[in-house]
Amino acid sequence: MVKKVIKNFEIEYLQVLDESGKIDEKLMPKLTDKQIKELYELMILARTFDDKGFNLQRQGRMGSFLQFKGQEASQVGTAYALEDKDWMFPMYRSGAALIARKYPIHMIYLYYGGDERGLKCPNDQNNFPISIPVGTQISHAPGCAWASKLKKEKDVTMVYFGDGASSKADFHEGMNFAGVFQLPCIFVCENNQYAISVPRKKQTHAETIAQKAIAYGIRSIQVDGNDVFAVYKATKEAVDNARAGKGPTLIETFTYRQADHSTSDDAKRYRTDKEMQEWLKKDPILRLEKYMKAKKLLDDKYKKEVANKTKEQVEKEVEKYENFPAPSPEDIVKYTFAEMNQDLKEQFEEIKNG
Amino acid sequence: MAKMTIVQAVTSAMRNELQRDKSVMVLGEDVGINGGVFRATEGLQKEFGADRVVDTPLSELGIVGSAFGLAVNGMKPIAEIQFSGFMYGPFDQLYSHIARIRTRSRGRFSAPLVVRTPFGTGIRALDLHCESNESIFAHTTGLKMIIPSNPYDAKGLLISAIRDPDPVIFYEPMRVYRAIKEEVPEKEYTVPIGKAEIKQEGSDLTVISYGAMMKDVKAALEKSDYSAEIIDLRSIVPLDTETIINSIKKTGRCIIVHEAPKTCGFAAEIIARINEKCFFNLEAPIERVTGPDTMIPFAKLENYYLPSEKRILKAVDKVMSQ
């Protein structure tokens, strides 16, 4: 008889930039001043877009909207590590990642304004339409990554989901495929502590979501999701590994959803103001500004310039969204199949005049 | 020309397409070294390699979900689900994503994939191995739903399905997988999707069916003195309404036979269309001969479930007597 430990596991946690704006020089990823400024400007752009989206909804100028406020580092830091040609499978809260991937901002508003054309990704991008059912996109990413591998292309695939999605079968079946076939796929779990009202500890008894990767034999890490440097560093490594044929990675970004789940939700029903205040101190933009100020990469003038420039840019996108020509009713039937069948032609005749 | 069963015709179709198009691949449980639990992929892994004929984890959602990702990124996956009763797990993928990606992305992305699965009862299998749930997929906008009844059609329709730009569900009639053997060309050919076939011309009544029931319908009608026009739908989405209507205009009487449960079974849709398009050509109310609205019984009772020759002939007599 033998009784012994046959395997031990560890989960790594990474933080580079702390709440006070100080970095660990040894852990700092390779980023030029220009790149740091670029990351900052993207995060400001994302937040400005987010705040504006909320206002548009409240003013009745747009439908339901899902804010990502507080998760800018988590999304910008991950998306920034991708090449333009890489594939991304976003979810409904992935606005900041889409912005970092140069997805046209007015099209995101267009989607939330009730227009499918907002999901028509420009031909020179591989950003998939956002997934609305929770977690169902997770199994698409390994398939997409698999195609790249079979075609001997170097593209990698990244998929976003939240802590709630880690409870779904899609998460487990998707991760398992990525592990078995060693696919160039990066799973980004944005653990923002809540799935609507249900706290992270009720999703799983496991201490981290990152550790779930161990069961599938794939690499994983938990990072401070409000630290853009840690997020970028972990993602860059995962992307490099994937591109080099070294298989998938799960990245758990430990972050916080500062806004309600959606514009129809009221987070005060299930979380305290004290908790929120604690997380606001950990805000990803705040700490990056502290760091940049100390490094003389940011002063009041630059900050104001960025704020003004961004506001102007977002206003222009709103204008584009609001002046977007109305869709054609024919679009309802036009894209059901590659070629419209007789049934749809007849049915369109019935509906087209209301 | 070789004589083939439906299973062999299915294999032959996949072999032709794997040879023709490098982006075609087969994935599923046991489809590799084992050649599939029904041997539908027999020899394909040996011939085309483990990258193109892939044994996957036991994970129906993973198979169909990754087939979607593969299709979106340029591959032509043929996913095998072992039994139609195991389609409920991946149904979310089919309904929420695969069927609607072309619409959602306004044509930027599409999912040209095939999900093949054996369906139907009458093989004395365990529960959930015999489902006739085709109406669920017919009701899922954006999917095509093909159900061949014989080896020649099985091969030609599967090749069409693989080449189709849209997602196709391909239901293989398990009960007659090996019960019909006929001449099937080894080389590639297509049978168009959405064209029903008039298997037998007739003037007294129209009998509509598909899949394994076609064999029973033919056998039953051979015992009848009436001149029946027998239509094999071959696909229920798209549905060849024109062939149905033209036949009703000729005969004025109709029965529809399928083994799926009666309520919301596909016969209901056919009756509705006849009602819309040629109600005044009818001489008698349409009869449907279907499975009852029950769970599909296990082996000992399954013969009660399937539409029998006796029930088919009774329906024929009923529509002819009015």
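The analysis underlying the following values was restricted to heavy atoms, covering all of them including side chains, and did not include hydrogens, waters or symmetry mates. Order of the sequence lines sets the chain letters (A, B, ...), proteins ahead of strands, with each chain counted from 1.
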When [options] are compared by non-hydrogen pairs under 4.5 Å with chain B, the top option:
| options | result |
| --- | --- |
| A/N341, A/D331, A/V333, A/V180 | A/D331 |
| A/L183, A/I130, A/D155 | A/I130 |
| A/G174, A/C121, A/S131 | A/C121 |
| A/I332, A/D170, A/N126, A/I138 | A/D170 |

Residue among B/G62, B/P165, B/G107, B/A99 with most heavy-atom pairs under 4.5 Å to chain A
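Going by pairs under 4.5 Å, I would pick B/G62.
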Per-residue tally against chain A (heavy atom, under 4.5 Å) across B/A67, B/A71, B/G142 peaks at B/G142
Heavy-atom cut-off 4.5 Å, strictly under: side chain, backbone, both or neither for [X] against chain A?
| X | answer |
| --- | --- |
| B/V54 | side chain |
| B/S96 | side chain |
| B/I101 | side chain |
| B/T56 | both |
| B/D92 | side chain |
| B/E60 | backbone |
| B/D240 | neither |

Are [X] and [Y] linked by a side-chain donor-acceptor pair shorter than 3.5 Å?
| X | Y | value |
| --- | --- | --- |
| A/Q57 | A/Y112 | no |
| A/K212 | A/T204 | yes |
| A/Y335 | A/E116 | no |
| A/R93 | A/H261 | yes |

Within the side chain of A/N241, is there an N or O that forms a donor-acceptor pair under 3.5 Å with the backbone of A/K246?
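Between the backbone of A/K246 and the side chain of A/N241 there is no qualifying donor-acceptor contact (under 3.5 Å).
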N/O donor-acceptor pair under 3.5 Å between B/R273 side chain and B/C278 backbone:
no
Quick check on [X] against chain B: is it the side chain, the backbone, both or neither that has a heavy atom closer than 4.5 Å?
| X | value |
| --- | --- |
| A/F181 | side chain |
| A/A141 | neither |
| A/K151 | side chain |
| A/T157 | neither |
| A/N123 | both |
| A/N127 | backbone |
| A/P129 | both |

For this output row, return yes or no: ring centroids of [X] and [Y] closer than 6.0 angstrom.
| X | Y | answer |
| --- | --- | --- |
| B/Y88 | B/F91 | no |
| B/H129 | B/F83 | yes |
| A/F49 | A/Y109 | yes |

A/M91 versus A/F161, closest heavy-atom pair with distance:
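Minimum heavy-atom contact is SD-CA, 3.4 Å.
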Heavy-atom pair with the smallest gap, counting every atom of B/R106 and A/K120:
O-CE, 3.5 Å
B/R100 NZ/CZ over B/Y95 ring centroid, <6.0 Å and within 45° of normal:
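Positive - B/R100 is close enough to the ring of B/Y95 and near enough to its axis.
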